[in-house]
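Take a look at the structure below.
Counting begins at 1 with the first residue of the sequence. Please read these numbers as outputs of a predicted model, since none were measured by experiment.
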Amino acid sequence: MSDVSARIQQEITENPVVLYMKGTPAFPQCGFSARVVQILSHVGVPFRGVNVLADPELREGIKTFTNWPTIPQLYVQGEFVGGCDIIMEMFQSGELQTLLQDKNIPTGQAA
C-alpha cells in the first residue's frame, strides 16, 4: 500500500464522515464540492473535509484508491458512498439520511 493509500485509509477509519473535496468546507473551490458541503450541512452531519488541492499526491491518490475519477468523494464509516451526483440523488430520495442513520451517524435533523 502506498503512503497516500495508507493516509486515506487512516483518515476514513478515524473519522465517521470524510469528504475529499476541492477547497475546504468553509471555502469550497468547485461547484460540485460546494454542493456536497451544502447537503451535509443541511442534514446536519459533522464531517471532516480534506482539501485535495493542497496535496497533488493525494488528489491523484484518492482517485486510484476508489477507482473513481472525480472529486468530491464522500466516505461514511470507511465506505465510499459516491461523488456529487450520487450524493445529490441519495439526498433527494432520502437514501443519504437513511444511510447515515443506519451507520449511527448523528445528524442535526429529527428522524
Side-chain angles (χ1 to χ4, degrees):
M1 190 185 282
S2 74
D3 290 350
V4 173
S5 292
R7 270 180 28 217
I8 295 167
Q9 189 61 58
Q10 183 177 0
E11 194 94 56
I12 64 176
T13 302
E14 291 175 358
N15 299 282
V17 182
V18 182
L19 178 64
Y20 287 89
M21 60 181 293
K22 293 179 180 174
T24 63
F27 296 103
Q29 292 182 302
C30 90
F32 299 111
S33 292
R35 220 167 291 153
V36 176
V37 166
Q38 276 180 324
I39 289 170
L40 294 174
S41 300
H42 181 78
V43 219
V45 66
F47 68 96
R48 173 163 169 72
V50 179
N51 182 1
V52 299
L53 296 178
D55 185 342
E57 206 176 278
L58 177 64
R59 186 177 183 175
E60 287 312 307
I62 190 70
K63 295 175 186 176
T64 308
F65 187 81
T66 46
N67 202 15
W68 190 263
T70 57
I71 309 286
Q73 293 186 12
L74 180 67
Y75 290 81
V76 176
Q77 298 292 29
E79 200 176 294
F80 175 58
V81 180
C84 182
D85 292 346
I86 292 170
I87 301 304
M88 279 177 52
E89 284 172 26
M90 287 178 73
F91 170 67
Q92 288 163 349
S93 71
E95 205 181 324
L96 179 63
Q97 296 85 323
T98 304
L99 172 78
L100 293 167
Q101 282 176 340
D102 290 350
K103 300 274 189 182
N104 296 316
I105 304 292
T107 60
Q109 284 188 327

Quiz item: How many angstroms lie between CZ in Arg35 and NE2 in His42, if you round to the nearest 0.5 Å?
Solution: 15.5 Å
Quiz item: Any idea which heavy atoms bring Ile105 and Gln77 closest together, and the distance?
Solution: CD1-NE2, 3.7 Å
Quiz prompt | Val52 side chain reached by Met21 side chain, heavy atoms, under 4.5 Å | solution = no
Exercise. Could you pull out the closest heavy-atom pair between Val36 and Pro72, with the gap in Å?
Key: CG2-CG, 3.8 Å
Self-check item: Candidate pair Val37 and Phe47, rule side-chain contact (heavy atoms from CB on, under 4.5 Å), full reasoning
Solution: CA-CA 9 Å; Val37 166; Phe47 68 96; 4.2 Å; yes
Quiz item: If we ignore angles and hydrogens, is there a donor and acceptor under 3.5 Å between the side chains of Glu14 and Gln10?
Solution: yes
Quiz item: Looking at CD1 of Ile87 and CG of Leu74, how far apart are the two atoms once the value is rounded to the nearest 0.5 Å?
Solution: 4.5 Å
Quiz item: Are Trp68 and Leu53 connected, step by step, through hydrophobic side chains (Ile, Leu, Val, Met, Phe, Trp, Tyr) whose heavy atoms are closer than 4.5 Å?
Solution: no
Quiz item: Considering residues, nucleotides and ligands other than Asp102, do more than 12 of their heavy atoms fall under 6.0 Å from its CG?
Solution: yes
Quiz item: With a 4.5 Å heavy-atom cut-off, do Gln9 and Ile12 have their side chains touching?
Solution: yes
Quiz prompt | Heavy-atom closest pair, residues Val76 and Leu99 | solution = CG2-CD2, 4.3 Å
Quiz item: Looking at Phe32, Phe80, Tyr75, which one forms a ring pair (Phe, Tyr, Trp, His ring centres under 6.0 Å) with Tyr20?
Solution: Tyr75
Self-check item: Stepwise salt bridge (charged side-chain N to carboxylate O under 4.0 Å, His left out) test for Asp55 and Arg7
Solution: CA-CA 12 Å; Asp55 185 342; Arg7 270 180 28 217; 2.5 Å; yes
